[in-house]
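Here is the structure we will look at.
The model shown is predicted, which means the values in this text are computed figures rather than measured ones.
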Amino acid sequence: MKITGLEIHPVAVARIHHTTVGHGREMEIPDADAAPTVSRFAVLELETDEGICGLGEWSDIPGVWDVEEMKKRLEGKLVG
């Protein structure tokens, strides 16, 4: 089985500064004014020569990034 294609779907979500962590304990960000207001994610969609589609995700991507450049870099390493 070979990866034949990939797509990157960028997602930006408003960050909520007062949140509950996984084990239920309340948590505050110490300096909420300095904290980022947006969480940036990307959903990676892979396709194979057997018609299988797989999804992956990476989160908290810093700053602004070029989706097309990232796609070229990943295609060079994964598709073939």
Side-chain angles (χ1 to χ4, degrees):
M1 175 175 19
K2 293 183 181 183
I3 296 172
T4 56
L6 68 87
E7 291 296 327
I8 297 174
H9 307 281
V11 180
V13 179
R15 184 171 281 187
I16 300 171
H17 298 290
H18 180 80
T19 188
T20 302
V21 295
H23 50 73
R25 189 182 86 220
E26 291 294 315
M27 181 179 112
E28 290 281 345
I29 296 175
D31 186 1
D33 292 334
T37 58
V38 174
S39 292
R40 298 186 189 288
F41 301 85
V43 175
L44 177 64
E45 180 180 356
L46 299 173
E47 295 180 13
T48 71
D49 59 350
E50 295 181 11
I52 298 170
C53 178
L55 298 174
E57 173 270 341
W58 70 91
S59 59
D60 284 331
I61 301 165
V64 176
W65 51 283
D66 184 336
V67 173
E68 289 304 314
E69 175 63 27
M70 183 63 73
K71 183 177 176 181
K72 283 188 221 174
R73 291 171 69 188
L74 288 173
E75 281 178 332
K77 296 180 184 293
L78 299 175
V79 176

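- By the 4.5 Å heavy-atom criterion applied to side chains, C53 and E45 are counted as neighbours.
- Residue M1 comes nearest to D49 through the heavy atom pair CA-OD1, 3.6 Å, listed as atom of the first residue, atom of the second, then distance.
- Both L55 and F41 belong to a single network of hydrophobic side chains, linked directly or stepwise wherever heavy atoms of I, L, V, M, F, W or Y lie under 4.5 Å apart.
- Listed here is the closest heavy atom pair of K2 and G80: CD-O, 2.9 Å.
- The distance from the NZ atom of K77 to the NZ atom of K72 is 15.0 Å, given to the nearest 0.5 Å.
- Considering all non-hydrogen atoms of both residues, P10 and V67 come closest at CG-CG2, 3.7 Å.
- Rounded to the nearest 0.5 Å, atoms NZ (K71) and CG (L6) are 6.0 Å apart.
- Remark: L74 CG to I3 CD1 distance equals 10.0 Å, nearest 0.5 Å.
- The same ILVMFWY cluster, assembled from side-chain heavy atoms under 4.5 Å apart, contains both V43 and V13.
- One finds the CG atom of L46 at 9.5 Å from the CD1 atom of I8 (value rounded to the nearest 0.5 Å).
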